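Below is one structure, written out as structure tokens, with a few remarks after it.
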Number of protein chains: 2
Amino acid sequence: MATLIAPDHPSAVEDAEALQKACKGWGTDEKAIISVLGHRNAAQRKQIRLAYEELYQEDLIKRLESELSGDFEKAVYRWVLDPADRDAVLANVAIKKISPDHHVVIEISCTRSPEELLAVRRAYQARYKHSLEEDVAAHTKGDIRKLLVALVSAFRYDGEEINTRLANSEANILHDAIKDKAFNHEEVVRILSTRSKMQLMATFNRYRDDQGTTITKKLLGESGDEFLVALRTAVRCFNDPKKYFEKVLRNSIKGIGTDEDALTRVIVTRAEKDLKEIKDLYHKRNSMPLEQVVAKDTSGDYKAFLLTLLGKED
Amino acid sequence: MATLIAPDHPSAVEDAEALQKACKGWGTDEKAIISVLGHRNAAQRKQIRLAYEELYQEDLIKRLESELSGDFEKAVYRWVLDPADRDAVLANVAIKKISPDHHVVIEISCTRSPEELLAVRRAYQARYKHSLEEDVAAHTKGDIRKLLVALVSAFRYDGEEINTRLANSEANILHDAIKDKAFNHEEVVRILSTRSKMQLMATFNRYRDDQGTTITKKLLGESGDEFLVALRTAVRCFNDPKKYFEKVLRNSIKGIGTDEDALTRVIVTRAEKDLKEIKDLYHKRNSMPLEQVVAKDTSGDYKAFLLTLLGKED
């Protein structure tokens, strides 16, 4: 379930006017921006962008970028984009880093549905005039390239049909690879990058039944290099995306300092999807409501915006 | 240009009635079937299937399969299918052979547009409840798997923008790999499987300017294993699909015996696209009209059907 609170039929024109007013003249009314955009779903935000363009012959996103700054600007920018376009931006930023954020690419590849991932690949091409897999391949090498390119290129079967015989034999292949510490074995990459999610669940379940422990735990027990970390991330994203996101949130706010990029990413990408369940998982796991921790770790408009997306009533 | 001759607005209902009449009772009127289906484009054939289903509560394709036989049946079956669905069938048949026909998978991956290939992947999933890349990966191994899975999974950028600096550096990478006979080098697979077709053309052109010979000629000069043959096929499909198809046709009918599968495949898949130019290339290259050679090498209804698709006036 979503945490986003959005009215059923807001007026895109009135919203665009409110945003223009908030941006007009000296200073910016950040609260007004939050109270509009923090309560509109993807389809509604799109209508607002269109209405704004028509009314003011100006790109709302560019205007907001010039009015806002810091983590708040970044969060609003990511939020206003269409989900597929946002993922394209997130992936591009992750790939182009000097030390690429492989986990962001894996997260997008493995937690989105096959159709959603395809939409990301379309949006990526429209924006960057390259394919996503092309840029991932050009910015990685060796085993990690093989895994990442295969994961982002996948257009998995999304139906219900599974093959239990296959789940059995592929659970054995995974077991043998882990036993031999041959994590980069091409069969491991093949299985994770081509099988449907339902089929992978059947394989992971079979692994657990046979081995008495989950494949995630087994992989976590291994100390590892970059590739093993990537592999673990992929398995966790397939196995239980909500649990995976809970952990990303937990890591982003634990200890001293906050990883604002990760915090923003999870809240912005999940607020319209399953942030309610992720929030509940967080509460259960950390004995503390997520909102309380976010409120403590962030400040100002950024804080107000995140809390709004987390479902705080104004 | 197409060779198919189709009227502008045929009546799907009248066509369905004519086909039902041709199939009714003892014996089948193959000529009537050819004179209808051999003159209808993909959209029109689809309308006929729908009209037939509605009129007779029967699947036209299944009915034709039960009425016809041999190479003629196979050709009609492939022709009646939607192009993306037909490619899915062709790929599946090629993959599932004891000795898989890699060139069919490469041909479909590299001569179809990015959107067409995507449609094939969708059709494949709908029909087989697996993804295309999943089945390719499960039926191949080693280097050939790396190449084929990457080629079928590609969703390339399809725009005009190219990067000449990149064409230069990647022409050098290809040159070094060929010089060192490291054809299976991961950079070779990366370049061929992720770059846009326009970018690949720029890279191949650059290669020719630098080396004084085409990459195709260079690769043909190498005696090679299965992988090298696959690589050559991919390069030829990108470089000049019409020339590639001319050669498939030439090989299918030269010498004693005919490769009906290859002959049918090229005629059926190209008749609505560019078979006119392929036919002209064939004539120029072999000093003999393609129709004449097809007429000599085939017989009966199969021959009549192929000649109809090749543009013969009734």
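Owing to the predicted nature of the structure, the values given are computational and were not obtained by experimental measurement. Labels below follow one simple rule: chain letters A, B, ... track the order of the sequence lines, proteins then strands, and each chain is numbered from 1.
- With a threshold of 4.5 angstrom between heavy atoms, B:Ala150 does not approach chain A through any atom at all.
- Nearest heavy atom pair, residue A:Thr194 against residue B:Ala137, reads CG2-CB, 4.2 Å.
- For B:Glu170, no part lies near chain A; criterion is any non-hydrogen pair under 4.5 Å.
- The candidate with the highest count of non-hydrogen atom pairs below 4.5 Å against chain B, out of A:Lys146, A:Glu186, A:His130, is A:Glu186.
- For the atom pair CG (B:Leu151) and OG (A:Ser153), the distance works out to 11.0 Å, reported to the nearest 0.5 Å.
- From A:Ser196, atom OG reaches atom NZ of B:Lys129 across 12.0 Å, with rounding to the nearest 0.5 Å.
- No more than 12 heavy atoms of other residues, nucleotides or ligands lie within 6.0 Å of CD in A:Glu54, so this atom counts as exposed by the packing criterion.
- For the set B:Lys141, B:Glu187, B:Glu160, the count of heavy-atom pairs under 4.5 angstrom toward chain A peaks at B:Glu187.
- Both the backbone and the side chain of B:Arg122 come within contact range of chain A, each with at least one heavy atom under 4.5 Å from a heavy atom of that chain.
- At a 4.5 Å heavy-atom cutoff, the contact between B:Arg190 and chain A is made by side-chain atoms alone.
- Contacts with chain A were tallied for B:Gln199, B:Arg156, B:Arg121; B:Arg121 has the most, counting heavy-atom pairs under 4.5 Å.
- Panel note: side chain B:Glu133, backbone A:Phe155; a donor-acceptor pair is recorded below 3.5 Å.
- Atom NZ of A:Lys197 has more than 12 heavy atoms from other residues, nucleotides or ligands within 6.0 Å.
- Per-residue heavy-atom pair counts under 4.5 Å with chain A were compared for B:Leu118, B:Val136, B:Leu132, and the maximum is reached by B:Leu118.
- Within the 4.5 angstrom heavy-atom criterion, no atom of A:Asn163 approaches chain B.
- More than 12 non-hydrogen atoms from other residues, nucleotides or ligands lie less than 6.0 angstrom from NZ of A:Lys179.
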